[in-house]
> 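For reference, the structure I am asking about is given below.
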There are 2 protein chains.
Amino acid sequence: MNNESKKVSNEVIKRLPRYYRYLGELLKNNILRVSSKELSEKMNVTASQIRQDLNCFGGFGQQGYGYNVESLYKAIGEILGLYNGQKTIIIGAGYLGHALANYKSFENRGFKLIGIFDTSPDKIGKSLNNHEILSMENIKAFVDKNKPDIAILAVPKVAAPEVAQQLVNLGIKGLLNFCYTDILVPDDVSVENVHLSDSLMTLSYKIANKNKHI
Amino acid sequence: MNNESKKVSNEVIKRLPRYYRYLGELLKNNILRVSSKELSEKMNVTASQIRQDLNCFGGFGQQGYGYNVESLYKAIGEILGLYNGQKTIIIGAGYLGHALANYKSFENRGFKLIGIFDTSPDKIGKSLNNHEILSMENIKAFVDKNKPDIAILAVPKVAAPEVAQQLVNLGIKGLLNFCYTDILVPDDVSVENVHLSDSLMTLSYKIANKNKHI
DNA sequence: TAGATTGTTAATCGATTAACAATC
DNA sequence: TAGATTGTTAATCGATTAACAATC
């Protein structure tokens with residue numbers, strides 16, 4: 001579609017949310033302008049990297065002045081697709097599902113929670129953060145009707161591959177996967193994994209090998 | 001301490017848990033040996049990368065044969081510090097704290113949950129996965145006595161910096177941070193962040209820009 | 001032994017940093 | 001205008017991949 005775009009590296013993309021967060025803080029503190037140098041000191045990265053990263057998407061700054069905080073904040077939000085009102089469903093109403101359903105940043109960042117699903121009769125029909133927990137039996141009808149953009153997978157690990165497959169078949173194009181398994185999807189579907197075990201093990205490594213890194 | 005060790009890059013460290021997971025699967029399926037080529041096909045990485053990564057820590061394979069699954073699995077577990085029985089506490093007994101306290105992989109990977117803390121009188125004294133929720137007022141005494149290795153931060157964002165500081169002052173050397181804020185710690189303390197908002201935004205970007213990546 | 005596959009060195013590729021002309 | 005800071009090119013650094021001798 002956009003034929004002038006060169007490939008933006010994954011490293012850059014992973015840094016965008018962090019820029020967005022720091023700019024949001026500045027905005028909250030009524031700071032109107034920031035230079036790459038100032039921002040780099042706050043964020044503990046190089047000014048050069050910030051300028052390179054931003055210039056993947058366009059020239060947002062002004063020589064001699066720096067960047068307008070508000071307009072850069074909005075531009076990055078735009079790039080991240082946060083103003084698309086992405087409709088989100090949560091699959092699995094266990095503790096993790098509860099935590100996610102009550103997660104404030106959700107709505108704050110432009111995501112709209114539109115449904116929560118589970119298979120357990122104990123949970124179906126109950127209310128969670130103003131949403132009725134729906135039966136997985138109704139998921140097809142729901143997705144056909146409401147066309148969610150993102151599904152958050154918070155089911156037990158064993159159920160993950162089947163549920164993921166089902167969601168992909170129904171046409172969901174984005175999965176946030178909390179299950180401790182890699183999920184195979186077609187090329188036109190995006191998956192982002194949150195593997196708590198991996199984070200915990202990485203931390204464990206760092207603690208165990210701290211002396212080697214000082 | 002280990003003066004022959006060259007610095008292991010962060011990229012390599014982040015991949016170790018995934019190797020560990022795949023080797024665990026092989027082991028579960030009674031597969032005794034694996035070559036870097038076979039593993040690379042399963043994991044969708046290059047065989048060269050696997051061999052390079054492993055050789056940061058030693059020669060675990062055997063020419064003409066490949067790797068013994070069980071001994072490599074154990075070796076990586078060792079490297080990750082999973083057999084150190086790392087004592088872990090959870091700070092914050094909200095939905096996220098509940099999800100974490102009930103997280104099975106925890107104990108499966110050698111971490112020992114030894115305490116859960118909260119500030120809310122509603123929660124203190126209640127039981128969570130066989131642990132009594134303790135008051136934050138008692139944290140100093142608890143840490144002094146039980147010397148936990150890892151603290152998982154699952155408190156509201158506003159409380160995060162103060163609580164983190166408190167934990168560091170008490171001598172905790174590892175923090176798993178679920179709060180949406182960067183935490184500043186001394187050099188001898190390790191922090192691993194799990195920023196759900198970041199993952200969600202990265203996913204949002206991928207969905208919004210899918211066409212550019214095919 | 002012949003075949004397979006490692007460990008390791010060398011080549012390539014990509015990401016980060018530095019430098020500086022352009023320009024506000 | 002002079003000073004500041006960007007956008008962008010060039011240099012450096014590091015990570016990934018390829019190649020192959022060593023060896024089981």
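Lettering of chains follows the sequences in order, A, B, ..., and the numbering in each one begins at 1.
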> Less than 4.0 Å between a side-chain N and a carboxylate O, is that true for B:R21 and B:E25?
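No, this pair does not count.
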> Between B:D188 and B:K173, does any side-chain N to carboxylate O distance fall below 4.0 Å?
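Answer for the salt bridge query: yes.
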> Any donor-acceptor pair under 3.5 Å linking the side-chain atoms of B:Y73 with those of B:Y20?
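Judged by distance alone, the side chains do pair up.
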> Going by heavy atoms closer than 4.0 Å, what residues in residues 67-81 of chain A are next to DNA chain C?
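When residues 67-81 of chain A is checked for heavy atoms under 4.0 Å from DNA chain C, there are no hits whatsoever.
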> Who is the Watson-Crick or G-U wobble partner of D:dA18, with both distances under 3.5 Å?
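Its partner is C:dT9.
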> Return the nucleotide paired to C:dC24: Watson-Crick means purine N1 to pyrimidine N3 with N6-O4 or O6-N4, wobble means G-U with N1-O2 and O6-N3, both under 3.5 Å.
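WC or wobble partner is D:dG3.
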> Test salt bridge (Lys or Arg N to Asp or Glu O under 4.0 Å) on A:E107 and A:K112 and set out the steps.
CA-CA 6 Å; A:E107 314 266 318; A:K112 300 222 177 310; 5.6 Å; no
> In terms of ring plane angle, is the pair B:Y205 and A:F57 parallel, tilted or perpendicular, where the classes change at 30° and 60°?
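Taking A:F57 first and then B:Y205, their aromatic rings stand perpendicular (interplane angle over 60°).
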> Assess the side chains of B:K210 and A:S190: does a donor N or O sit below 3.5 Å from an acceptor N or O?
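A donor-acceptor contact under 3.5 Å links the two side chains.
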> For A:F60 and D:dG7, what is the distance between atoms CZ and C1' respectively, to the nearest whole Å?
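It is 12 Å, rounded to the nearest whole Å.
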> Check the orientation of A:F142 and A:F117. Use parallel for under 30°, tilted for 30 to 60°, and perpendicular for over 60°.
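Taking A:F117 first and then A:F142, their aromatic rings stand perpendicular (interplane angle over 60°).
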> Assign a letter to each nucleotide of nucleotides 14-24 of chain C from its 5' end: B, base within under 4.0 Å of a protein heavy atom; S, sugar-phosphate only; -, no contact.
-SSBBBB-BBB
> Would you call B:R15 and B:D53 a salt bridge, taking side-chain N to carboxylate O under 4.0 Å as the test?
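So B:R15 pairs with B:D53 through a salt bridge.
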